[in-house]
Amino acid sequence: MQRCLILTLARHNRLLLRNKFASVYCQKAAMSGLLINQPKYAWLKELGLSEDNPGVYNGTWGGSGDVVTSYCPANNEPIARVTQATLAEYEETVQKAREAWKVWADIPAPKRGEIVRQIGDALRKKIKVLGSLVSLEMGKIYVEGVGEVQEYVDVCDYAVGLSRMIGGPILPSERPGHALIEQWNPVGLVGIITAFNFPVAVYGWNNAIALTCGNVCLWKGAPTTPLTSVAVTKIVAEVLEQNNLPGAICSMTCGGADIGTAMAKDERVDLLSFTGSTHVGKMVAMMVQERFGRKLLELGGNNAIIVFEDADLNLVVPSAVFASVGTAGQRCTTTRRLMLHESVHDTVVARLTKAYKQVRIGDPWDPSTLYGPLHTKQAVEQYLAAVEQAKQQGGTVVCGGKVMDRPGNYVEPTIITGLAHDAPIVQTETFVPILYVLKFKTEEEAFTWNNEVKQGLSSSIFTKDMGRVFRWLGPKGSDCGIVNVNIPTSGAEIGGAFGGEKHTGGGRESGSDSWKQYMRRSTCTINYSKDLPLAQGINWDHGCCMKTDRCDSDWKRGRSPRKSPFQVSAGKVCV
């Protein structure tokens with residue numbers, strides 16, 4: 001019996017040892033399978049990344065939630081892992097961010113601008129390696145990845161100048177001895193939820209302006225681009241640390257819908273900036289509105305280019321290719337509808353098809369590549385479904401329409417003709433590189449088609465007719481937030497306000513007066529006189545209902561006080 005027990009224990013120990021070795025082997029195999037451990041991707045460690053990365057920052061790094069693996073869209077291989085935030089860690093981060101605001105709000109705006117300037121400089125030093133990460137994790141080509149980081153840098157530069165210009169007007173008061181001014185103050189904590197397609201730039205638009213205005217930020221990036229969120233936060237955190245400022249000024253919580261929902265419902269989040277789909281944006285808007293919170297929405301766009309008979313086709317073709325194929329059709333400003341006047345329709349389609357076939361498709365990091373993969377396998381499925389629906393609704397695929405036979409999420413850039421302007425698939429924003437070409441006859445028809453979709457983000461016409469240009473810009477022209485002439489729908493500059501109308505959400509980010517969305521306005525009336533005149537000429541003096549020291553002396557002398565009908569002296573009400 002004892003011998004049997006000894007043999008059983010020996011077998012059990014051997015099994016445990018074997019399982020332990022197997023577990024270690026699997027862990028090592030998994031680690032060796034990560035791109036970050038391959039010599040080709042050693043540059044990732046220059047950004048402070050490792051095999052496993054904490055996904056919470058609030059002055060210290062942490063994270064004990066679900067572990068997510070980030071994949072490269074060009075080959076679907078794992079890059080590295082990030083540990084997301086729990087709701088308890090979200091709660092801790094919000095508390096620390098609000099405490100940090102008490103420090104940040106007391107710093108004069110030009111001094112805050114200096115910190116933002118340093119953030120811009122830190123990004124400049126890492127622009128190529130950070131752009132490479134965007135390309136690796138999101139899937140856009142390298143030059144677009146670097147360009148996205150450059151947008152953050154540019155907005156930092158813009159915000160530095162803004163830090164010495166923010167302010168409200170001094171308005172004329174109708175009352176003597178009074179000043180009427182507008183005072184702008186920060187809202188407090190700005191929550192920023194960003195999408196996968198611009199994992200750096202959109203955060204930058206919000207972060208740089210919000211900081212300059214005196215706010216602190218809490219960022220939740222897309223769950224499929226967590227490494228970019230971590231890398232950017234490390235760069236920003238280092239600047240704050242060097243200036244002996246609380247790191248929670250720029251907090252981050254990686255996570256999924258649970259964290260996003262918590263931010264939307266949290267009354268301590270004074271402004272929630274959300275970038276994403278119209279479907280999710282609507283749910284976010286309702287949650288924020290339920291608590292009467294402030295929101296800034298940047299949602300979808302079903303954008304159109306309209307080409308008239310007098311257009312310069314040498315501008316039209318490259319513009320349409322860039323706007324429809326760039327970022328593999330995954331920009332919110334991507335051209336999805338191309339409306340061609342019947343006199344130039346066939347010519348433009350032929351030239352466009354030829355140009356599409358010359359687009360260089362390949363690895364996003366190859367400098368010669370113009371077109372990379374879609375971000376996820378789900379996007380590939382959406383692409384195939386949209387092509388099939390277009391065929392069923394009367395469309396003809398003249399170019400593309402298939403998944404490419406290579407590793408990664410590659411599909412062919414696609415042109416579809418023959419659809420009605422109001423076909424369901426044309427009215428739907430599909431976040432893939434499919435261009436629907438429509439034929440129109442009149443200006444009125446084209447303008448109407450442009451405005452009939454639910455979204456209202458970006459739009460453009462190509463024409464030499466100046467009268468038409470100003471009709472397009474006017475009240476009966478485009479109803480979009482971005483209205484262009486002789487340029488594509490995408491590629492907006494940071495100096496203008498970016499955003500759209502209708503189902504695009506109505507928010508504005510980046511330049512112009514977008515800073516006002518990150519502040520609260522108070523109208524202040526200051527009386528520096530010894531009298532109390534009322535506005536609108538109101539006189540409360542009938543029958544001496546306002547008893548004052550002057551009233552007392554007049555009353556004793558047996559006469560009524562003499563006053564202007566526009567003025568009441570300060571004093572006590574007669575009782």
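Because the structure is a prediction, the values reported are computed rather than measured.
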Give every residue pair that meets the salt bridge (Lys or Arg N to Asp or Glu O under 4.0 Å) criterion with at least one member in [range], sequence neighbours excluded.
range	value
residues 483-492	none
residues 115-131	E114-R117, R117-D121, D121-R124, R124-D157
residues 229-250	none
residues 133-142	K140-E148

Sequence neighbours excluded - side-chain hydrogen bond (donor to acceptor under 3.5 Å, both in side chains) pairs with any residue from residues 102-113: E99-K102
If we ignore angles and hydrogens, is there a donor and acceptor under 3.5 Å between the side chains of [X] and [Y]?
X	Y	result
Q118	N243	yes
T430	Q382	no
S460	N484	no
E144	T327	yes

Do other residues, nucleotides or ligands put more than 12 heavy atoms under 6.0 Å from [X] [atom1]?
X	atom1	result
I526	CD1	yes
K265	NZ	no
R164	CZ	no
Q242	CD	yes

Hey, what do you get for [atom1] ([X]) to [atom2] ([Y]), rounding to the nearest 0.5 Å?
X	Y	atom1	atom2	answer
L313	L340	CG	CG	9.0 Å
M263	R268	CE	CZ	11.5 Å
T278	K282	OG1	NZ	10.0 Å
F274	E298	CZ	CD	11.0 Å
L438	R337	CG	CZ	7.5 Å

Under 3.5 Å, which donor-acceptor pairs link side chains of residues 488-499 to any protein atom two or more places apart or in another chain?
residue	atom	partner	partner atom	Å
T489	OG1	T333	O	2.7
T489	OG1	T335	OG1	2.6

Using only atom types and a distance under 3.5 Å, with no angle test, would you say the side chain of [X] pairs donor to acceptor with the backbone of [Y]?
X	Y	result
Y410	G362	yes
R360	S368	yes
R291	A264	yes
T233	S251	no
H375	M138	yes
N302	V426	yes
E501	G456	no
T376	A379	yes
N303	T334	yes
E429	Q455	no

By ring pair (Phe, Tyr, Trp, His ring centres under 6.0 Å) - contacts of W101 (at least two apart): none
Minimum side-chain heavy-atom gap [X]-[Y] below 4.5 Å:
X	Y	result
F462	D310	no
P433	S324	no
M252	L218	no
Y158	I209	yes
N207	C250	yes
N450	W472	yes
R351	V348	no
C332	F198	no

Lys/Arg N to Asp/Glu carboxylate O, D479 vs K502, below 4.0 Å: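 Salt bridge between D479 and K502, a charged N being under 4.0 Å from a carboxylate O: yes.
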Row check, F308 ring normal vs R468 NZ/CZ: under 6.0 Å, within 45°: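 The answer is yes, since R468 meets both limits relative to F308.
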Listed partners of [X] passing side-chain contact (heavy atoms from CB on, under 4.5 Å), at least two apart:
X	value
L44	I36, Y41, L49, I79, L133, L136
V469	T463, M466, L473, V485
A237	Y57

Residue of the set P226, P223, S70, S229 for which side-chain contact (heavy atoms from CB on, under 4.5 Å) holds with V82: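 Answer after filtering P226, P223, S70, S229: P226.
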Heavy-atom pair with the smallest gap, counting every atom of C217 and L189: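 Closest approach of C217 to L189, heavy atoms only: C-CD1, 4.2 Å.
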Which residues share a salt bridge (Lys or Arg N to Asp or Glu O under 4.0 Å) with E452, sequence neighbours left out: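 Scan of E452 (salt bridge (Lys or Arg N to Asp or Glu O under 4.0 Å), adjacent residues dropped) gives none.
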Give the table of side-chain donor-acceptor pairs shorter than 3.5 Å for residues 517-524, with sequence neighbours excluded, one pair per line with atom names and distance.
residue	atom	partner	partner atom	Å
Q517	NE2	R508	O	3.3
Y518	OH	N206	OD1	2.8

W365/Y142 under ring pair (Phe, Tyr, Trp, His ring centres under 6.0 Å): CA gap, chis, key distance, verdict: CA-CA 5 Å; W365 321 284; Y142 170 72; 10.0 Å; no
